[in-house]
Chemist: 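Sharing a structure with you now.
Here is the naming used below: chain letters follow the sequence lines, and residue numbers restart at 1 for every chain. Quantities reported herein were computed from a predicted structural model and do not represent experimental measurements.
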Amino acid sequence: MRNAPTILHLDMDAFFAAVEQASKPSLRGKAVVVGGLGPRGVVATASYEARVFGVHSAMPMAQARRLAPNAAYLVPRFTLYRAISEQVMALLRELSPLVEPLSLDEAFVDLEAGGTAWDEESARRAGEKLRADIRAVTGLTGSVGLAASKMLAKIASEQAKPDGLVLIEPGTERDMLAPMPVRTLPGVGPATGDHLRRAGITTVRELAEAGEDELVRLLGKAHGQALYAMAHARDERPVVAEREAKSVSVEDTYDVDIHDRLRVGLEVQRLADRCVRRLRGAGLSGRTIVLKVRRYDFSTLTRSETLRGPTDDPAVIREAAARLLDSVDTTGGVRLLGVGVSGLADYTQEDLFAQAMPVRVVEEPEEAAVEAEAEQPEAAERQWRAGQDVRHAEYGPGWVQGSGLGRVTVRFETPQSEPGRVRTFFVDDPALSSAEPLPLVADPSHPPTCPGPPNSARRGVPPRTPEERRDREEPRGRAESRGGPDEVRGSGGVRVTEEVCATEEAGDGGRASVPGEVRARGDTRIWEREEGPGREESRGQVSSEPASLPKSWSGSGGEEAVSRP
DNA sequence: TCTGGGGTCCTAGGACCC
DNA sequence: TCTGGGGTCCTAGGACCC
């Protein structure tokens, strides 16, 4: 272990909720809960204001609604979170080439490897500068932990939350850890925690005193040894920048259990296609197909099948998934289905055949079908989800507060505006369309990588501070200037409903969605249409590096790439 | 209170091979 | 002929993380 606190862990504060508050001025200082809005949704992130009521991530949404009935409940907008995450990761890469993202809102940085820090003093400086830069570029806050190892840096950032920095001085680690509960250590979850408690071990000190043999006996070799080392503040894991994906999977939890076996089969086919799209999108193929089934009683089982070689052929993967389903009893109903592929490679067996064969077999019909389904025509079903970005031909940009009974309520405000007003429309109002997120900070020198705002949003000198930003609100300034005449759509003009907007009190931003209203129409799962629910983040970064070859094919190292046609 | 989605790693048993 | 040990692969399940 190094003797200077030069491993940095960054953790953005209540990331999803903080992004929503930055985007929606009426929600600042309010309880905001981001997550699945369906009957089986769970909380992805709760703002600190919502945590006061006891709401926390992974909690069932129904429970959150009971605890904080007046909070704003919003669907996650992953596209925006990813764009902001990319801005943050870019700042980290300015500190060091060794950046290891753990999720959209978390990463390790090896400051020493970047030459950015070599002792306590320089590490603290780098950490504080990073926090300031993140605030300037994104308008958000992040907490920083600095220590001599990954484990300790992560514990430090946890202690620093929210909006702080904690540095653990080398030499003090063991004393600091000793009184902490075992659950503080990464890798100790509910099951291990219980296990240890039954053995009379509740603190890190007791863990350290138990001895390695005892821990191995209790928890198994790998876990026991790892925990014993961590309890003694020993952690030599390096910061690793590029990690290759090992599996790709998709799954859906249904609002209502599926009993119809035929329907179960159809869903599995859909999931197989979706999985293939993800696989291909990452330029990968895989050998092992996995089917996951969660039954009505939450019991979960998996079935897998390994092919002779890797594939990304939708027909092959669908058939494998169907075969696997044959071996599963689904009587009683199914609440979740999933399809995954592991044993990944960055080439397919077909590629190898193609090398040998002069003529490539062309385009199976499946491919076209998959492509077509990839683009979910959003106009097909006009469903408005709480939190979603929209634009109105007359009123400009806003977001959906709620919908139901054929109406949709929109609050018109932007990241740089004052808290906006609420108006209600028919759900099929032609003047209303979904829109791209607006950038949180209007600064052209750090544009988000997702589709940005109309040019008019970026005109002028960007504000540098939150105060300055607040002073320069341009109410609806960009509403009229996007695009040309084609922007005025529909012939019927604006069709505002009779209740046009009971403009709400500015203080009432909390009631953003009425429980249950956004999920009208049976078991249609509206909020997952675009990206699916998620908690704080989803990993799945897939590097463009060539995946290693399956051992059986590659002789020794497996790093030498197969040349592609 | 009733439990998401996307991952990683580990364990354990059986098959198979040497 | 009987007994065996080690290594790798496959499958299933479980814990954990965000």
Side-chain angles (χ1 to χ4, degrees), chain A residues 9 11-12 14-16 34-45 54-67 75-76 78 81 85 101-107 154 158 183 185-195 216 219-227 237 240 243-255 271 274-275 278 282 287-294 296-308 324 327-328 335-344 525 527-528 531-542 550-552:
Chain A
H9 181 257
D11 201 331
M12 299 294 289
F15 186 51
F16 294 0
V34 181
L37 299 185
R40 288 173 168 173
V42 298
V43 175
T45 312
V55 179
H56 57 79
S57 54
M59 172 183 279
M61 211 47 125
Q63 188 184 359
R65 289 199 134 110
R66 278 189 294 274
L67 292 172
V75 290
F78 287 103
Y81 306 152
S85 174
L102 299 178
S103 64
L104 286 182
D105 77 322
E106 241 186 83
K154 187 150 165 57
E158 193 59 42
R183 286 291 306 267
L185 301 181
V188 182
T192 307
D194 278 3
H195 212 98
V216 168
L219 307 172
K221 189 162 192 241
H223 209 184
Q225 289 178 344
L227 235 48
R237 294 170 302 163
V240 181
R243 301 177 70 178
E244 281 162 8
K246 303 208 157 131
S247 66
V248 171
S249 67
V250 297
E251 64 187 56
D252 267 348
T253 292
Y254 301 94
D255 284 357
L271 290 161
R274 239 166 72 196
C275 188
R278 291 263 302 278
R287 270 187 81 206
T288 303
I289 318 302
V290 185
L291 176 73
K292 178 173 171 182
V293 178
R294 175 120 72 208
Y296 66 99
D297 62 355
F298 217 74
S299 64
T300 306
L301 49 84
T302 61
R303 293 289 177 270
S304 67
E305 177 182 316
T306 300
L307 309 172
R308 293 167 59 95
L324 292 166
S327 70
V328 176
R335 70 177 282 145
L336 169 147
L337 291 169
V339 172
V341 175
S342 60
L344 301 183
R525 287 154 58 259
W527 75 283
E528 290 176 338
E531 330 217 20
R535 218 168 115 204
E536 294 274 347
E537 93 327 311
S538 61
R539 255 182 204 228
Q541 338 106 321
V542 174
K551 291 190 178 66
S552 56

Chemist: Answer yes or no: is there a donor N or O on one side and an acceptor on the other, between the side chain of A/His9 and the main chain of A/Glu158, under 3.5 Å?
Modeler: no

Chemist: Whole-Å distance between C/dC17 P and A/Lys246 NZ?
Modeler: 18 Å

Chemist: For A/His195 and B/dC10, what is the distance between atoms NE2 and C1' respectively, to the nearest whole Å?
Modeler: 15 Å

Chemist: Are A/Leu344 and A/Glu244 side-chain neighbours, meaning at least one heavy-atom pair lies under 4.5 Å?
Modeler: no

Chemist: Dump every N/O contact between nucleotides 1-3 of chain B and the protein below 3.5 Å, one line per pair.
Modeler:
{"unit_1": "B/dT1", "atom_1": "O3'", "unit_2": "A/Arg66", "atom_2": "NH2", "d": "2.7"}
{"unit_1": "B/dT3", "atom_1": "OP2", "unit_2": "A/Arg335", "atom_2": "NH1", "d": "3.1"}
{"unit_1": "B/dT3", "atom_1": "OP2", "unit_2": "A/Arg335", "atom_2": "NH2", "d": "2.8"}

Chemist: Could you check how far NE2 of A/His9 sits from P of C/dC17, rounded to whole Å?
Modeler: 13 Å

Chemist: At their closest point, which heavy atom of A/Met12 faces which heavy atom of A/Phe15, and how far apart are they?
Modeler: CB-CD1, 3.8 Å

Chemist: Base, sugar-phosphate, or nothing for A/Lys154, non-hydrogen atoms under 4.0 angstrom?
Modeler: sugar-phosphate

Chemist: Measure from the side-chain N and O atoms of A/Thr192 to the backbone N and O of A/Pro190, and report whether any donor-acceptor pair falls under 3.5 Å.
Modeler: no

Chemist: Go through the structure and list residues passing salt bridge (charged side-chain N to carboxylate O under 4.0 Å, His left out) with A/Arg237, not counting sequence neighbours.
Modeler: A/Asp235

Chemist: In terms of relative ring orientation, are A/Phe78 and A/Phe16 parallel, tilted or perpendicular, with 30° and 60° separating the classes?
Modeler: perpendicular

Chemist: Return the nearest nucleotide to the side chain of A/Glu251; candidates are B/dG5, C/dC16, C/dC18.
Modeler: B/dG5

Chemist: Take atom P in B/dT3 and the same atom in C/dC18, then report the distance between them in whole Å.
Modeler: 23 Å

Chemist: If you check every side-chain atom of A/Pro190, which of B/dC9, B/dG5, C/dC16 has the closest atom?
Modeler: C/dC16

Chemist: Rounding to an integer number of Å, can you tell me how far A/Leu104 CG sits from C/dC18 P?
Modeler: 13 Å

Chemist: Measure the CG-CZ distance between A/Asp255 and A/Arg335 for me, rounded to the nearest 0.5 Å.
Modeler: 10.0 Å

Chemist: Who does C/dC18 pair with, Watson-Crick or G-U, both distances under 3.5 Å?
Modeler: B/dG5

Chemist: Calculate the interatomic distance between A/Leu271 atom CG and B/dG6 atom C1'; express it in whole Å.
Modeler: 13 Å

Chemist: Below 3.5 Å between N/O atoms, which protein atoms pair up with nucleotides 11-14 of chain C? Just atom names and distances, please.
Modeler:
{"unit_1": "C/dT11", "atom_1": "OP1", "unit_2": "A/Thr306", "atom_2": "N", "d": "3.3"}
{"unit_1": "C/dT11", "atom_1": "OP2", "unit_2": "A/Thr306", "atom_2": "N", "d": "3.4"}
{"unit_1": "C/dT11", "atom_1": "OP2", "unit_2": "A/Thr306", "atom_2": "OG1", "d": "2.3"}
{"unit_1": "C/dA12", "atom_1": "OP2", "unit_2": "A/Ser304", "atom_2": "N", "d": "2.6"}
{"unit_1": "C/dA12", "atom_1": "OP2", "unit_2": "A/Ser304", "atom_2": "OG", "d": "3.3"}
{"unit_1": "C/dG13", "atom_1": "OP2", "unit_2": "A/Thr302", "atom_2": "N", "d": "3.0"}
{"unit_1": "C/dG13", "atom_1": "OP2", "unit_2": "A/Thr302", "atom_2": "O", "d": "3.2"}
{"unit_1": "C/dG13", "atom_1": "OP2", "unit_2": "A/Arg303", "atom_2": "NH1", "d": "3.4"}

Chemist: Is it the case that the side chain of A/Ser85 and the backbone of A/Leu104 share a donor-acceptor pair, with hydrogens and angles ignored and the cut-off at 3.5 Å?
Modeler: yes

Chemist: Taking the nucleotide of DNA chain B with the nearest heavy atom to each, does A/Gly220 or A/Arg274 sit closer to the 5' end?
Modeler: A/Arg274

Chemist: With a 4.0 Å cutoff (strictly under), does any side-chain N or O of A/Ser249 reach OP1 or OP2 of B/dG6?
Modeler: no

Chemist: Between P on B/dT8 and CZ on A/Arg237, what's the gap in Å once rounded to a whole number?
Modeler: 16 Å

Chemist: Roughly, in whole Å, what's the span from CD in A/Glu106 to P in C/dC18?
Modeler: 6 Å

Chemist: Is it the case that the side chains of A/Thr45 and A/Ser57 hold a donor-acceptor pair, with the cut-off being a distance below 3.5 Å and no angle test?
Modeler: no

Chemist: Is there a side-chain contact between A/Val43 and A/Met61, using heavy atoms and a 4.5 Å cut-off?
Modeler: yes

Chemist: Could you give the CG-to-P distance, from A/Leu185 to C/dA15, as a whole number of Å?
Modeler: 19 Å

Chemist: Would you indicate, yes or no, if C/dC10 has its OP1 or OP2 atom less than 4.0 angstrom from a side-chain nitrogen or oxygen of A/Arg287?
Modeler: yes

Chemist: A/Ser247 has a side chain; which of B/dT8, B/dC10, C/dC18 sits nearest to it?
Modeler: B/dT8

